[in-house]
Number of protein chains: 2
Amino acid sequence: MLFSQTAEYALRAAVCLADRAGQPQTTQQIAEATRVPAGYLSKVLQALGRADLVTSQRGIGGGFLLARDADAISVLDVVAAVDPIQRIATCPLGLAGHGSNLCPLHRKLDDALASIEQAFASTSLAELLKTPGKIRPLCEVKITGDGANIAS
Amino acid sequence: MLFSQTAEYALRAAVCLADRAGQPQTTQQIAEATRVPAGYLSKVLQALGRADLVTSQRGIGGGFLLARDADAISVLDVVAAVDPIQRIATCPLGLAGHGSNLCPLHRKLDDALASIEQAFASTSLAELLKTPGKIRPLCEVKITGDGANIAS
DNA sequence: GGACATTTGGAGATTTATGTCCATAATAGG
DNA sequence: CCTATTATGGACATAAATCTCCAAATGTCC
């Protein structure tokens, strides 16, 4: 898998919270909506908390909320919180005398990383939600007024 | 790490073989040139063999050769042989009724995968070697006639 | 204060990726 | 045939990612 399972889970959770902004969601609720193992999701949410992407509140009526507006959180923010995209800055072979240049192979690989980073940085959670189409933004089954729109 | 260690190793080995085309390289030679643990490299080379990207020959004078010309092997071929880029074809949540559509999140992720796949598919090993610049194609130290060119 | 709900954090289990080692098979050369 | 060289394949060791579980700590409500 190119993206880690953890990153995938974090994104699902973040989109879920964005979709239900203002209403604190418990770990259980998010777990059910996103189909992520609850115990593990707990860890993922903690990581998002440490990255100041979500806030948490204990006790009745508690749960998790996005720390900022959904259009101020990028996909990259979420991914970076749990599984940072590690660019190739220096020669992976550890050879001396290479300066800041990379050989064509690693230049190519790093270019690929850069393009992903760029794509993720330029997409906010809000954009994922407001994308038009029949498929619901978050990957969950949802019924809207004009018919049953089922998400992927 | 976004790309697996194994994929990185496979690419190094492939570029090494492309750089020394026609001369069978033993596992040991490739291991030294690419700084990959010899024992593990052996497994990686076996995988490349199963994918018909390299041929092997036992005994004295034996070793590994590219099975085709370097311009007929893409970066994607090599990566796919050891760690296939798994596109998102269906809903990761396993929800029914999603058809072949993906929600915006997974569409975005799959688009990123597609762009990488495209970049890798359109780059051959030969291109990595003939890229101009001071840095040697393969990531190894090499001395050429017109001065010491050290790779990354 | 008591009962309940919820996150927190740590310990450990399980699975997968990575890496090591060695006996065996195949090949070349004398 | 014998020896040296090399890949092959399997068993195993280690490390990292993923996942589970539970005893706290913190919060709300009565």
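So you know, we letter chains A, B, ... as the sequences are listed, proteins then strands, and number each from 1.
In this structure, the side chains of B:I30 and B:V36 stay at 4.5 Å or more apart for every pair of heavy atoms. Contact of the B:L66 side chain with the B:L125 side chain is registered, since non-hydrogen atoms from C-beta on lie closer than 4.5 Å. Contact annotation: the side chain of A:V75 never approaches that of A:V78 to less than 4.5 Å [non-hydrogen atoms, C-beta and beyond]. Annotation: side chain of A:L11 is not in contact with side chain of A:L128 (no heavy-atom distance under 4.5 Å). A heavy-atom distance below 4.5 Å is not found between the side chains of B:L48 and B:F64. Side chains of A:F3 and B:I88 form no contact here, defined as non-hydrogen atoms less than 4.5 Å apart. In this structure, B:R107 and A:T131 have side chains that are not in contact, with every pair of non-hydrogen atoms separated by 4.5 Å or more. Side-chain atoms of A:S124 and A:E127, non-hydrogen and from C-beta on, do get closer than 4.5 Å to each other.
Residue A:T6 is classed as a sugar-phosphate contact, given heavy-atom separations below 4.0 Å to backbone atoms only. As judged by a 4.0 angstrom heavy-atom cut-off over every strand, A:S42 is placed among the base-contacting residues. Among the protein residues, A:Q5 comes within range of the sugar-phosphate backbone only, with heavy atoms under 4.0 Å from sugar or phosphate atoms but none that close to a base.
Residues passing the side-chain hydrogen bond (donor to acceptor under 3.5 Å, both in side chains) test with B:S42, sequence neighbours excluded: none. Remark: B:Q5 engages B:Y9 in a side-chain hydrogen bond (donor to acceptor under 3.5 Å, both in side chains) (not counting sequence neighbours). Partners of A:T123 under the side-chain hydrogen bond (donor to acceptor under 3.5 Å, both in side chains) rule, at least two apart in sequence or in another chain, are B:K108. Applying the side-chain contact (heavy atoms from CB on, under 4.5 Å) test to A:T6 and every residue at least two apart in sequence or in another chain returns A:S4, A:Y40, A:V44, A:V82.
Where A:G61 and A:A38 each meet DNA chain D at their nearest nucleotide, the meeting point lying more 5' is that of A:A38.
Proximity of residues 72-88 of chain B to DNA chain D (heavy atom under 4.0 angstrom from any strand atom) is not detected for any residue. Taken residue by residue, residues 23-32 of chain A places no heavy atom nearer than 4.0 Å to DNA chain D. At a non-hydrogen distance threshold of 4.0 Å, B:S56, B:Q57 from residues 49-57 of chain B come into contact with DNA chain D.
In summary, contact between chain A and DNA chain D, defined as any nucleotide atom under 4.0 Å from a heavy atom of the protein, begins and ends at D:dT18 to D:dT28 in the 5' to 3' direction.
Each salt bridge (charged side-chain N to carboxylate O under 4.0 Å, His left out) pair with one or both residues in residues 82-93 of chain A, not counting sequence neighbours, appears once here: A:R87-A:D110, A:R87-A:E117. Counting only residues at least two apart or on different chains, no side-chain hydrogen bond (donor to acceptor under 3.5 Å, both in side chains) pair has a member in residues 44-73 of chain B.
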Checklist entry - What's the verdict on side chain to side chain contact (heavy atoms under 4.5 Å, CB included) for B:Q118 and B:S115, showing C-alpha distance, side-chain angles and the deciding distance? => result CA-CA 5 Å; B:Q118 159 63 26; B:S115 79; 5.5 Å; no

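The two residues B:Q29 and B:P24 come nearest to each other via the heavy atoms OE1-O, 3.8 Å. In terms of heavy-atom proximity, B:A31 sits nearest to B:L41 at N-CD2, 3.4 Å.
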Could you list all N or O pairs between the protein and nucleotides 21-25 of chain C that sit under 3.5 Å apart?
from	atom 1	to	atom 2	distance (Å)
C:dA25	N3	B:R58	NH1	3.0

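The end-to-end axis angle of the helix from C:dG1-D:dC30 to C:dG30-D:dC1, rounded to 10 degrees and based on five pairs per end, is 10°.
To the nearest 0.5 angstrom, B:Q86 atom CD is 9.0 Å from B:L113 atom CG.
Rounded to an integer number of Å, the gap from CG of A:L41 to C1' of C:dT6 is 14 Å. C:dG30 atom P lies 8 Å from atom CD1 of B:I60, rounded to whole Å. In this entry the distance linking OH of A:Y40 with C1' of C:dT15 reads 12 Å, nearest Å.
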